[in-house]
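One structure below.
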Amino acid sequence: MTGSAVRVRFSPAPTGFLHVGGARTALFNFLYARHVGGTYILRIEDTDVARSRTEWVDGIQDTLHWLGLAWDEGPFLQSDRFDRYLAAAARMHEAGLAYECYCTEDEVKARNDAALAAGRTPGYDGRCRDLTEAERSERRDEGRPVSLRFRTPTTGVSEFDDVVRGAVAVEWSTIPDFIIVRANGTPIFFLANAVDDLEMGITHVIRGEDLLDSTHRVLALRRAMGDDTVPTYAHLPLIVGADRAKLSKRHGAVSLEDFRDQGFLPEALLNYLALLGWAPEDGAEVLSAAELAAAFDLDRVTHSAAFFDHQKLEWINGEWIRRLPLAELVERVRPHAEARYGPGLDEDRLVGAVRIGQERATTLVQLADQMDFLFVDAAAFAIAPESWDRVAGTESLAAILDTVDAHLGDCEWTVEAIDLRPALEPLGVKPRKALPAVYAAIEGRHAGLPLFDSIHLLGRDEARRRIAAARARLG
RNA sequence: GGCCCCGUCGUCUAGCGGCCCAGGACGCCGCCCUCUCAAGGCGGAAACGGCAGUUCGAAUCUGCUCGGGGCUGCCA
């Protein structure tokens with residue numbers, strides 16, 4: 001598993017559920033590690049104590065496991081490692097690479113707003129950058145909060161090569177000094193990120209493009225720690241919502257758990273997510289995790305933001321439902337069916353329904369819903385009003401139901417013998433005209449699982465009872 | 001506002017100077033199959049943002065322009 005020196009990490013902030021953007025990032029890290037035989041690490045970036053929650057730390061891990069994206073090392077919690085970051089920050093301070101800043105958040109914000117209003121470029125104005133020792137002690141005596149701010153270069157260019165973007169360069173003069181330790185004594189993302197990538201020997205940083213600009217600051221921090229090496233960076237195109245804006249917890253993002261609850265298979269989600277921002281050379285669309293890992297490479301990652309297409313996900317999910325062995329599919333459907341109809345379902349009916357539903361299902365939930373007529377209480381069974389409206393006017397309906405009842409009364413109880421078409425032939429009504437009403441009578445809806453199999457699963461008595469009930473509605 | 005990134009069918013993409021009057025997939029439309037609905041098969045409509053330039057030749061290279069997005073936080 002760790003045949004190469006490649007070390008990658010997925011490093012989510014536990015400030016919410018895992019959504020498709022985060023899952024895709026985890027997946028690409030996972031696939032790359034598997035492709036090259038490297039190590040895939042999980043690191044929780046919970047430096048923002050106020051917003052991180054342990055339930056999200058657990059939730060993210062659960063979801064990752066469900067997806068099959070188990071990590072080789074970790075999880076490492078940055079909140080367990082604050083001393084390291086703070087020590088690094090202290091060294092930078094001593095070396096003059098960082099300085100104490102006494103500005104309050106509100107003051108900085110007010111000055112930024114003023115700069116913007118005046119048409120000037122916002123960003124920390126360097127007020128505390130070159131304070132004398134006397135000025136510093138004066139501010140400390142005032143009881144002002146003390147944060148540590150990193151001194152960025154004022155001249156020159158910061159440049160690095162990104163696997164998917166190519167060379168990315170920016171003038172240092174456009175990057176203001178930034179906080180590395182908050183006034184409350186906790187470290188900031190840039191610092192923790194730089195320290196950990198270095199200490200954990202991360203060789204490839206694969207993450208969203210929203211972090212592209214922060215790379216310059218992290219690299220500056222690495223150099224401040226005396227390290228001139230640069231890991232390989234690969235910034236993935238963003239996954240956007242219908243408005244083409246970045247997905248986030250407060251903007252259009254959907255929890256991966258919701259997809260699970262909606263009846264999507266992890267195989268399908270993985271498969272679809274892999275196709276958002278990457279495509280295999282041979283153009284294949286339906287691939288297993290192993291096939292994805294074999295074909296995946298960073299140099300085929302695309303450049304532009306992608307819209308999450310729910311319809312294509314549904315299609316892939318159907319493909320995966322069809323590929324699952326029957327017994328396996330039954331186990332995937334079972335929890336959804338039990339959630340609806342209670343535990344201890346009749347096994348023959350469940351397996352039978354899954355068997356006839358497999359070739360037409362798009363989601364596990366849809367499949368579980370379609371078999372409701374087999375599990376709902378006899379007393380609770382009812383024909384959907386819309387369906388009855390559609391079929392109530394069927395030509396010769398009374399005769400059709402009488403004929404069906406008679407046929408079910410004395411035919412051999414096999415799917416082949418139940419076939420209603422020969423019995424209906426004398427009535428001169430086409431099966432496609434006559435049968436929807438029988439579907440409604442038996443399944444409660446005019447379209448659903450194959451009728452003859454459904455009748456077979458239902459059993460002779462209950463099937464006839466339902467036909468009789470429908471017949472009674474005609475008066 | 002400043003900086004950075006991106007721009008091929010509705011959507012996801014293939015394409016890396018001639019094989020492209022642009023290929024595949026989802027979706028959509030039509031036909032076939034059919035016990036309903038699906039699934040499946042066949043066919044169809046549908047795109048290189050714009051303008052210059054380089055070149056014998058550009059979706060592919062360059063510039064400009066327009067458009068979209070990201071960052072600009074004591075969030076990550």
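- Picking from B/C3, B/C12, B/C5 the nucleotide with the shortest atom distance to the side chain of A/Lys312 gives B/C12.
- A/Phe307 has its CZ atom 12 Å from the C1' atom of B/C26, to the nearest Å.
- Place A/Glu285 and A/Leu449 on RNA chain B by their nearest nucleotides, and A/Glu285 ends up nearer the 5' end.
- A/Ala169 comes within 4.0 angstrom of sugar-phosphate atoms only, judged by non-hydrogen atoms across all strands, and of no base.
- As rounded to whole Å, 19 Å separates atom P of B/G68 from atom CG of A/Leu247.
- In this structure, CZ on A/Arg322 lies 11.0 Å from CG on A/Leu324, to the nearest 0.5 angstrom.
- The partner of B/A22 is absent, by the rule that a Watson-Crick or G-U pair needs both atom distances under 3.5 Å.
- With a cut-off of 3.5 Å on both pairing distances, the Watson-Crick or G-U wobble partner of B/G7 is B/C66.
- Ring planes of A/His216 and A/Trp172: perpendicular class, angle over 60° (limits at 30 and 60°).
- Considering only side-chain atoms of A/Gln311, the nucleotide from B/C75, B/C26, B/G2 that sits closest is B/C26.
- A/Arg51 contributes a side-chain N or O that forms a donor-acceptor pair with the base of B/C75 under 3.5 Å.
- Using the six-membered ring where Trp is involved, A/His235 and A/Tyr233 have ring planes that are parallel, under 30° apart on the 30 and 60° scheme.
- Summarising the base pairing, B/G1 is matched to B/U72 through a Watson-Crick or G-U wobble pair whose two defining distances lie under 3.5 Å.
- For the OP1/OP2 pair of B/G68 and a distance below 4.0 Å, the side-chain nitrogens and oxygens of A/Lys246 include no atom meeting the criterion.
- In this structure, of B/C3, B/A76, B/G1, it is B/G1 that holds the atom nearest to the side chain of A/Leu116.
- In this entry the distance linking NE2 of A/His235 with C1' of B/C3 reads 15 Å, nearest Å.
- Heavy atoms of A/Ser304 sit under 4.0 angstrom from primed sugar atoms or phosphate atoms, though from no base atom.
- Summarising the base pairing, B/U54 is matched to no nucleotide, lacking a Watson-Crick or G-U wobble pair whose two defining distances lie under 3.5 Å.
- With a 6.0 Å radius and a threshold of 12 heavy atoms from other residues, nucleotides or ligands, A/Glu142 has its CD atom above the threshold.
- Look at A/Thr47 and you'll find a side-chain N or O under 4.0 angstrom from OP1 or OP2 of B/A76.
- Distance CD (A/Glu319) to C1' (B/G40): 10 Å, rounded to an integer number of Å.
- Environment of CD in A/Glu199: crowded, with over 12 heavy atoms of neighbouring residues, nucleotides or ligands closer than 6.0 Å.
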